[in-house]
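Worksheet: the structure to be examined is printed underneath.
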2 protein chains.
Amino acid sequence: MAQVAASIDNFDRRILEIVQHSNRTTSEQIAEQVGLSPAAVQRRLKRLREQRTIVADVAVVNPKAIGRPMSFVVQVTMERERADLMDAFKKEMKLHPAVQQCYYVTGSADFILIVTAKDMEDYDQFTREAFFDNTNIRGFQTSVVMDSVKVGLFMPVVEEGELS
Amino acid sequence: MAQVAASIDNFDRRILEIVQHSNRTTSEQIAEQVGLSPAAVQRRLKRLREQRTIVADVAVVNPKAIGRPMSFVVQVTMERERADLMDAFKKEMKLHPAVQQCYYVTGSADFILIVTAKDMEDYDQFTREAFFDNTNIRGFQTSVVMDSVKVGLFMPVVEEGELS
DNA sequence: GGTGAAAACGTTACGAG
DNA sequence: CTCGTAACGTTTTCACC
């Protein structure tokens with residue numbers, strides 16, 4: 001089996017489990033829990049970041065607090081699965097600020113998006129910009145998020161706090 | 001219009017834009033960019049965390065590096081929309097380590113999940129545990145993620161690095 | 001990987017606007 | 001009330017074992 005990243009041991013795993021909950025945990029606190037010295041923890045974190053096992057360190061912002069209280073799940077179906085058109089759409093999604101997540105998937109839909117908006121009008125305008133101008137889009141189906149039950153980012157963890 | 005969180009000014013907005021990209025940016029660097037002193041930036045960050053405009057500070061872990069290279073989008077339809085059964089299902093999703101995200105939505109499906117797994121067998125076992133035991137689940141439809149085009153967490157930003 | 005010193009960083013008190 | 005400056009305590013970093 002091909003190993004994508006450099007090898008990860010159990011110390012690394014335990015450190016990752018902690019920092020993905022909270023990357024502001026001090027090395028001293030982590031060291032206590034995993035049974036290493038703070039310096040060893042720091043060295044490992046540095047390596048994990050360099051080898052991109054940790055790809056980013058981010059603050060998670062409450063969307064309601066910044067005026068984007070609504071979320072949508074959008075399933076987009078394309079007219080033709082031409083690679084160049086797919087790539088163009090992917091690029092557009094990456095650049096569009098309303099699009100939080102974009103997955104290229106198998107199944108009835110081609111793309112599934114998570115989109116945030118200020119309100120319905122704002123979302124409506126997003127669909128015009130993103131979909132109606134694109135002749136390669138056959139259709140899209142919107143689900144309005146009533147409750148963000150769980151919003152995590154990779155790995156088996158439960159968020160410590162609610163997002164709404 | 002009801003304001004959910006305390007007021008946010010343009011300094012806060014610019015600080016949030018920076019830390020959601022990278023919360024390891026030093027106050028000094030942020031201060032330079034927004035035109036405040038480092039101490040003022042720290043005070044604002046502290047306030048933003050206390051009032052839960054910033055709900056968490058997390059390290060984003062590359063799922064491939066930790067042996068969960070596959071992602072799925074699952075649409076779950078319930079038999080009856082009874083509040084107690086919904087809450088039980090939500091609770092189960094919160095606790096299940098494979099479930100990264102869970103949204104309760106309007107539309108043809110009741111829930112939309114983002115699930116990670118080691119491989120297909122691992123995913124298959126997840127569906128048994130989570131769905132087949134639950135008599136209130138009418139059905140589910142799985143889309144396999146071929147490309148995580150964009151994986152962000154709230155607010156208009158593009159990830160600086162690719163996740164695949 | 002551990003230890004300890006040095007540097008960097010975050011935190012707090014204070015005075016000013 | 002919030003800023004900036006400066007002293008203070010903490011955390012990270014690095015050389016060495």
Side-chain angles (χ1 to χ4, degrees), chain A residues 3 5-62 64-67 153 155 157 159-161, chain B residues 1-62 65-67 153-155 157 160-161:
Chain A
Q3 192 74 19
S7 60
I8 304 293
D9 68 12
N10 281 327
F11 282 123
D12 289 334
R13 267 183 272 272
R14 294 189 62 194
I15 292 168
L16 288 171
E17 272 183 35
I18 294 167
V19 295
Q20 70 161 1
H21 275 98
S22 171
N23 71 350
R24 306 184 76 229
T25 312
T26 64
S27 338
E28 199 178 354
Q29 290 173 303
I30 298 171
E32 252 179 59
Q33 294 183 49
V34 304
L36 286 173
S37 69
V41 171
Q42 292 281 36
R43 278 193 288 259
R44 280 165 179 273
L45 279 169
K46 191 182 177 200
R47 176 174 51 74
L48 290 167
R49 290 186 170 113
E50 280 168 358
Q51 68 193 26
R52 296 192 70 72
T53 299
I54 293 173
V55 294
D57 289 85
V58 302
V60 180
V61 177
N62 183 341
K64 293 189 182 176
I66 55 158
L153 215 50
M155 280 191 65
V157 282
E159 291 289 311
E160 58 258 277
Chain B
M1 172 185 173
Q3 191 76 19
V4 173
S7 58
I8 303 292
D9 68 12
N10 282 327
F11 281 122
D12 289 333
R13 266 184 272 274
R14 294 189 62 193
I15 292 168
L16 288 170
E17 272 182 37
I18 293 167
V19 295
Q20 72 162 2
H21 275 99
S22 170
N23 70 350
R24 306 185 76 230
T25 311
T26 63
S27 337
E28 201 179 348
Q29 291 173 302
I30 298 170
E32 253 178 59
Q33 293 184 50
V34 304
L36 285 173
S37 70
V41 171
Q42 286 288 116
R43 278 191 289 257
R44 282 164 178 272
L45 278 170
K46 193 183 176 195
R47 195 193 72 235
L48 290 168
R49 290 188 170 110
E50 280 170 357
Q51 67 192 30
R52 294 191 71 73
T53 300
I54 294 174
V55 292
D57 289 86
V58 301
V60 180
V61 177
N62 183 343
I66 54 158
L153 215 49
F154 307 128
M155 279 191 63
V157 280
E160 57 259 278

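Residue numbering restarts at 1 for every chain, and letters A, B, ... go by the order of the sequence lines. Hydrogens, waters and symmetry mates are skipped; everything else that's a heavy atom, side chains included, is used.
At D:dC14, none of the side-chain N or O atoms of A:Arg43 fall inside 4.0 Å of OP1 or OP2 (strictly under the cut-off). The shortest distance between the side-chain N/O atoms of B:Arg47 and the OP1/OP2 oxygens of D:dT2 is not below 4.0 Å. Proximity of B:Ser37 to the phosphate of D:dC3: no side-chain N or O atom is located under 4.0 Å from OP1 or OP2.
Each of A:Arg24 and A:Val41 has a nearest nucleotide on DNA chain C; the 5'-most of these lies closest to A:Val41. Heavy-atom distances to DNA chain D give each of B:Pro38 and A:Lys46 a nearest nucleotide, and the one nearer the 5′ end belongs to B:Pro38. Nearest-nucleotide positions on DNA chain D for B:Phe11 and A:Thr25 put B:Phe11 closer to the 5' end.
The closest side-chain donor-acceptor pair between B:Asp57 and B:Asn23 falls under 3.5 angstrom.
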Check: Step by step, would you call B:Leu16 with B:Ile54 a side chain to side chain contact (heavy atoms under 4.5 Å, CB included)?
Finding: CA-CA 8 Å; B:Leu16 288 170; B:Ile54 294 174; 3.6 Å; yes

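The listed nucleotides are D:dA6, C:dG1, D:dT12; the one nearest the side chain of A:Thr26 is D:dT12. Comparing C:dT12, C:dT3, D:dT12 against the side chain of B:Ala39 picks out C:dT12 as the nearest.
Atom-to-atom, CD of B:Gln42 to P of D:dA6 comes out at 18 Å; the value is rounded to the nearest Å. At whole-Å resolution of the value, CG in A:Leu36 and C1' in C:dT3 are 14 Å apart. With rounding to whole Å, B:Ile8 atom CD1 is found 12 Å from D:dT2 atom P. The distance from atom CG of A:Asn23 to atom P of C:dG10 is 12 Å, rounded to the nearest whole Å.
The backbone N or O of B:Thr26 lies less than 3.5 Å from a partner atom in the side chain of B:Gln29, making a donor-acceptor pair.
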